[in-house]
Amino acid sequence: MAVPQGAALLFRRHIVANQPKPLMPHATASWLVDNTALSFTQIADFCGLHILEVQAIADDLASSKYTGRDPVHSGELTHEEIERGQADPDYSLVMQKAPVDVSRTKGPRYTPVSKRQDKPDGIAWILRNHSEISDAQIGRLIGTTRNTINAIRERSHWNIANIQAKDPVTLGLCSQRELDAAVAKAAKRAGPSEEAASEVEIAAPADPRNDKERLIEELRREREEAISAAARAAQEAEAEAWLEAKREAEANPEPEPGPDSL
């Protein structure tokens, strides 16, 4: 029995709505805007963005200029799928191959060398927009040290004149999910009793001995985290190298030997 066209369309839209999104949605949207005739709605649906974000990218009104990322090269789309979408404005693009991502364990983030110059910009953005996030959380999100965070906060950083606050998610320093989790955790920790707690601290001065013990404990914890972070960074670097080699092997498969080569 033939499936009604309306039911088939609804089923397809359900699949598209629940399919994986590109690894770098904004950069992918920028490439599709510049290199295809797809509608903004098609690009927004495929990349998981709001149509106004795609419009801003097309009009160069976005806060950051994105370098386009070719979804055909990564295998997420094919030329045939793009042509099908260009021919029918109501067509929804289908992800051809889900992006490969490297899962990361807890601890300080390993940042590629190419993005390390962006760290101060990401730190400045968090300090300006989410002051409730602790220095320890910022260090885990961005993969930086307390000294760097304090230098940027106090404007004593050696390159402070060139630091511009930029969203660390846009810079690729952390994911939106990790940033949202850090904000939620900081808000929960602050809680409604923050003001009452501060009044108690004013009324009862802290014991210097307790402060010394907390400092020793914090230094010990930071040293342990640094050791484990170094081990995790080596593992992640090895995983990234393996993934890169795998992508190159998939993009340039070795030709099968022909009868003449035997």
Side-chain angles (χ1 to χ4, degrees), residues 12-58 60 62-89 91-105 109-118 122 143 166-179 233 235-256:
R12 180 179 179 81
R13 288 179 176 175
H14 173 75
I15 294 177
V16 171
N18 292 276
Q19 70 181 357
K21 302 306 177 187
L23 187 60
M24 300 175 65
H26 290 87
T28 301
S30 178
W31 188 92
L32 292 173
V33 167
D34 293 338
N35 296 275
T36 71
L38 296 170
S39 68
F40 292 162
T41 301
Q42 289 173 307
I43 296 174
D45 291 342
F46 177 74
C47 296
L49 303 175
H50 194 281
I51 188 173
L52 294 180
E53 292 183 271
V54 180
Q55 179 73 53
I57 292 173
D60 289 333
S63 58
S64 299
K65 180 62 178 177
Y66 299 99
T67 301
R69 176 179 179 271
D70 186 354
V72 177
H73 179 74
S74 64
E76 296 171 352
L77 277 179
T78 62
H79 289 295
E80 292 76 12
E81 186 71 7
I82 292 176
E83 290 174 358
R84 196 175 293 120
Q86 292 177 147
D88 181 6
Y91 180 80
S92 297
L93 300 175
V94 177
M95 176 75 68
Q96 303 300 302
K97 184 179 73 173
V100 179
D101 199 3
V102 180
S103 59
R104 187 178 66 88
T105 57
R109 171 177 294 275
Y110 169 77
T111 306
V113 176
S114 60
K115 290 187 176 293
R116 290 178 187 174
Q117 68 272 15
D118 296 331
K166 295 180 182 178
D167 190 342
V169 176
T170 302
L171 295 174
L173 298 173
C174 66
S175 68
Q176 187 64 54
R177 181 178 299 178
E178 290 171 326
L179 179 59
Q235 294 176 355
E236 291 181 1
E238 183 178 355
E240 288 184 0
W242 180 84
L243 284 174
E244 185 64 25
K246 182 179 178 181
R247 292 192 182 102
E248 291 181 358
E250 292 178 351
N252 303 293
E254 295 183 0
E256 297 183 358

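- Of all the heavy atoms in Pro22 and Pro25, the pair that sits closest is O-CD, 3.5 Å.
- The CG atom of Leu179 lies 11.0 Å from the CG atom of Leu173; values are rounded to the nearest 0.5 Å.
- Of the possible donor and acceptor atoms, none in the side chain of Glu76 sits under 3.5 Å from a partner among the backbone N and O of Pro71.
- Here Leu77 contributes atom CG and Lys97 contributes atom NZ; the two are 12.0 Å apart, rounded to the nearest 0.5 Å.
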- request: For Trp31 and Thr36, run side chain to side chain contact (heavy atoms under 4.5 Å, CB included): C-alpha distance rounded to whole Å, both residues' side-chain angles, the deciding distance at 0.1 Å, then the answer.
  value: CA-CA 8 Å; Trp31 188 92; Thr36 71; 4.1 Å; yes
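- With hydrogens and angles left out, the side-chain atoms of Glu81 and Thr78 include no donor and acceptor closer than 3.5 Å.
- Although no hydrogens or angles enter the test, the distance criterion places a donor-acceptor pair under 3.5 Å between the side chain of Gln42 and the main chain of Asp88.
- Closest approach of Asp45 and Lys21 over heavy atoms only: O-NZ, 3.3 Å.
- When atom types are taken as modelled, the side chain of Ser30 and the backbone of His26 share no donor-acceptor pair closer than 3.5 angstrom.
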task: Apply the test side chain to side chain contact (heavy atoms under 4.5 Å, CB included) to residues Ser175 and Val169: give CA-CA distance (whole Å), side-chain angles for both, the deciding distance (0.1 Å), then the verdict.
output: CA-CA 5 Å; Ser175 68; Val169 176; 6.0 Å; no
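- Minimum heavy-atom separation, Arg69 to Ser74: NH2-CB, 3.5 Å.
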task: Just do the side chain to side chain contact (heavy atoms under 4.5 Å, CB included) check on Val54 and Cys47 with the steps written out, would you?
output: CA-CA 9 Å; Val54 180; Cys47 296; over 6 Å; no
field: Evaluation steps, side chain to side chain contact (heavy atoms under 4.5 Å, CB included), between Ile51 and Gln55
entry: CA-CA 6 Å; Ile51 188 173; Gln55 179 73 53; 5.7 Å; no
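- In this structure, CZ on Phe40 lies 9.5 Å from CD1 on Ile57, to the nearest 0.5 angstrom.
- How far CG of Leu32 is from CZ of Phe46: 7.0 Å, rounded to the nearest 0.5 Å.
- Between Ile82 and Leu38, the closest heavy-atom pair is O-CD2, 3.8 Å.
- Across Gly85 and Leu93, no two heavy atoms sit closer than the pair CA-CD2, 4.3 Å.
- Interatomic distance, Thr28 OG1 to Leu23 CG, rounded to the nearest 0.5 Å: 8.0 Å.
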